[in-house]
Protein chains: 2
Amino acid sequence: MIDQRLITLRVFARCGTIGATAELTGYSPSAVSAQLRELQRVLGMQLLTKDGRGVRLTATGRFLVAGSDTLIAEWENLRAAAMEAGDQVQSHFGLGGFSTAAAQLLAPLAAALRSTRPLLEVQVLEANPARCFDLLVAERIDLAVIVAMQSDTSVEDDPRFEQTILLDDPLDVIIPSDHPLASRETVTLEELASEPWITEAAGSTYHSLFVAAFTAVGVTPRIAHEAVEWETQIAFVGAGLGVGLLPRLAPLRSAENVVRLRITGKGKPARRIVAAVRRGSIASPLIQESLGILQVSANRILAARPEDDL
Amino acid sequence: MIDQRLITLRVFARCGTIGATAELTGYSPSAVSAQLRELQRVLGMQLLTKDGRGVRLTATGRFLVAGSDTLIAEWENLRAAAMEAGDQVQSHFGLGGFSTAAAQLLAPLAAALRSTRPLLEVQVLEANPARCFDLLVAERIDLAVIVAMQSDTSVEDDPRFEQTILLDDPLDVIIPSDHPLASRETVTLEELASEPWITEAAGSTYHSLFVAAFTAVGVTPRIAHEAVEWETQIAFVGAGLGVGLLPRLAPLRSAENVVRLRITGKGKPARRIVAAVRRGSIASPLIQESLGILQVSANRILAARPEDDL
DNA sequence: ATCAATCATGCACCTATTGTGCACGGTTAT
DNA sequence: ATAACCGTGCACAATAGGTGCATGATTGAT
């Protein structure tokens with residue numbers, strides 16, 4: 001209901017280039033360029049300036065984008081309230097999520113919605129957390145299930161989003177079956193301080209999480225190898241290249257000669273899984289129902305765990 | 001920036017029929033019908049119901065319209081703030097007004113704006129007060145100069161508008177030159193209680209004003225004739241058919257054998273001339289400049305009056 | 001210093017959204 | 001019963017808005 005061109009401007013404000021905006025919104029670069037030019041013409045404001053080979057927002061542009069946050073939230077609020085007041089059904093619902101954990105929550109959600117609301121077309125997009133937020137801004141999706149840094153508070157209070165914690169997914173240690181500690185039930189990170197570690201490349205979400213886990217207990221791990229997929233990491237561990245951290249929700253096929261150990265001690269690293277929606281939309285009946293379903297799934301997962309580490 | 005279809009819905013909420021909405025927005029009835037249908041489809045809400053040979057808003061529709069007030073105001077706010085922050089110029093500016101009084105204020109405004117902002121295209125629409133408000137809602141105009149009932153508070157605190165008082169235009173009495181009181185400088189309404197009065201038809205803005213003037217002093221006038229235009233009323237008075245009330249700003253050509261007397265006594269009837277804008281837009285530099293110019297014109301008019309009745 | 005890569009934009013072309021005009025069906029008032 | 005009014009559907013037309021490619025400008029790499 002808010003003009004598409006303003007939405008596009010907001011996406012541009014997030015990613016900085018026309019090309020990225022186009023990719024994110026699903027338009028072509030030409031279309032984005034034209035939209036922004038048209039927006040400036042209609043509003044009679046100069047929002048963009050040439051900057052090197054790209055463009056950047058002017059002060060007016062930044063001002064407008066910043067102020068539009070409350071406008072969007074207000075609209076989402078109104079829409080949600082109207083839907084609730086009128087007991088109406090919406091026709092399209094976009095979900096975003098990343099990683100196996102999110103998938104384990106999103107899949108039952110999509111299935112449940114399909115049964116309770118047959119004529120609602122549910123669309124699921126797999127995307128990493130950062131992109132999920134972009135997709136929310138771009139209004140391509142309405143709800144995202146993402147893994148957040150447990151310590152990271154930067155996105156926590158973003159005026160554009162509202163987030164609800166679903167569950168904390170603890171990290172386990174995986175070591176080769178022939179490792180001296182393989183017969184143990186639990187270990188501490190200190191005990192593995194001198195091991196060669198396997199993690200993802202610096203800059204990734206998981207890497208930050210990895211580092212945070214060790215700094216919490218005052219250990220500096222020696223990073224020996226890098227892997228992107230869980231499967232790869234597990235294979236590395238199985239080959240005896242080192243040890244790694246694996247989220248509880250990531251499945252570990254028994255075939256590969258790797259064992260999984262719980263972490264004890266004061267630092268219990270975990271990744272936090274949260275649901276994020278555009279601010280204001282949280283009162284929508286559809287969002288409410290979805291959050292309920294997600295919470296049920298989350299609780300079922302929690303219930304299946306030993307009571308000492310929830 | 002707010003979707004045109006929502007604007008159309010808001011206009012419909014004011015006037016109740018598709019046809020009137022079409023006339024007011026400048027679309028054809030088919031287009032309005034299609035827009036509203038499309039709006040319902042996009043939002044997934046049923047906003048309209050068949051009602052006799054027309055349609056009316058559902059509860060959801062009313063809810064949405066009511067809630068959209070703050071949304072519109074928020075946007076106007078944002079736009080105005082951005083314009084101010086970035087020192088930008090807007091390209092189109094719509095003015096609305098009614099009656100000679102408004103015209104006397106709007107003409108200098110339009111002229112002044114044309115000189116200070118050469119590339120701003122100013123458009124003036126003559127329309128009665130009620131229609132002016134409709135045109136503001138429909139976003140056909142951005143500022144209206146209207147005469148308001150001095151007592152009427154119904155529009156006073158409408159969440160859609162913000163109003164600023166420009167001046168109070170006192171009502172004079174006009175009587176035939178050969179009337180016994182014609183040589184007087186001033187009269188009271190009580191002195192004219194038994195005269196045959198000329199006014200506009202019941203239901204009109206002016207009629208309400210007329211009645212209010214008399215009820216204020218506890219007199220019930222005998223309404224003998226009705227006229228729509230000031231010119232007609234003056235002619236009636238000149239022909240000796242009765243007496244009437246004439247706003248100070250309405251010109252009285254000396255040729256017609258009619259004299260104008262000030263009203264004294266505790267009831268000094270006046271019509272209030274106010275400027276109205278969409279709520280939120282009042283901070284816009286263009287609006288601010290316009291209000292300043294209007295105030296100057298108003299002050300010049302006030303300065304030309306005897307000091308006892310401003 | 002040249003060359004390749006990146007980015008935004010303009011243009012030609014096309015699609016499809018959106019508006020118009022008219023005819024029609026349903027409803028109310030005379 | 002008839003006429004007036006109101007909203008809607010349809011065929012058609014206009015135009016806003018999309019894509020894809022070529023171009024120019026700028027930056028970084030060889």
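Letters A, B, ... mirror the listed sequences (proteins, then strands); counts begin at 1.
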- Task: Figure out the CZ/P separation between R56(A) and dA8(C), and round it to whole Å.
- Result: 13 Å
- Task: Spell out protein contact along nucleotides 12-30 of chain D as letters: B when the base is contacted, S when just the sugar-phosphate is, - when no protein heavy atom is under 4.0 Å; keep the 5' to 3' order.
- Result: ------SBBB----BB---
- Query: Under a 4.0 Å N-O cut-off, is there an ion pair linking R131(B) with E23(B)?
  - Reply: yes
- Message: Ignoring hydrogens, what is the shortest heavy-atom contact between C132(A) and A144(A)? Give both atom names and the distance.
- Response: CB-CB, 3.8 Å
- Check the angle between the aromatic planes of F236(A) and H225(A) and answer parallel, tilted or perpendicular using the 30° and 60° thresholds. perpendicular
- Query: How close or far is atom P of dG7(D) from atom CZ of F12(B), stated in whole angstroms?
  - Reply: 7 Å
- Query: Tell me: CZ of R37(A) to C1' of dC7(C), nearest whole Å?
  - Reply: 15 Å
- When the distance from CD1 of I18(B) to P of dG26(C) is rounded to whole Å, what number comes out? 18 Å
- Respond yes when some side-chain nitrogen or oxygen of S33(B) is under 4.0 Å from OP1 or OP2 of dT8(D), and no when none is. yes
- Message: Looking at every non-hydrogen atom in both residues, tell me the closest pair between Q163(A) and A276(A) and how far apart they are.
- Response: CG-CB, 4.0 Å
- Message: Run the salt bridge (charged side-chain N to carboxylate O under 4.0 Å, His left out) test on R117(B) and E289(B) for me, step by step, so that the C-alpha distance in whole Å, both residues' side-chain angles and the decisive distance to 0.1 Å come before the verdict.
- Response: CA-CA 11 Å; R117(B) 315 222 182 188; E289(B) 182 179 340; 2.5 Å; yes
- Query: Roughly, in whole Å, what's the span from CG in L48(B) to C1' in dG7(D)?
  - Reply: 11 Å
- Message: Can you tell whether the side chains of R10(B) and D69(B) come within less than 4.0 Å, N to carboxylate O?
- Response: yes
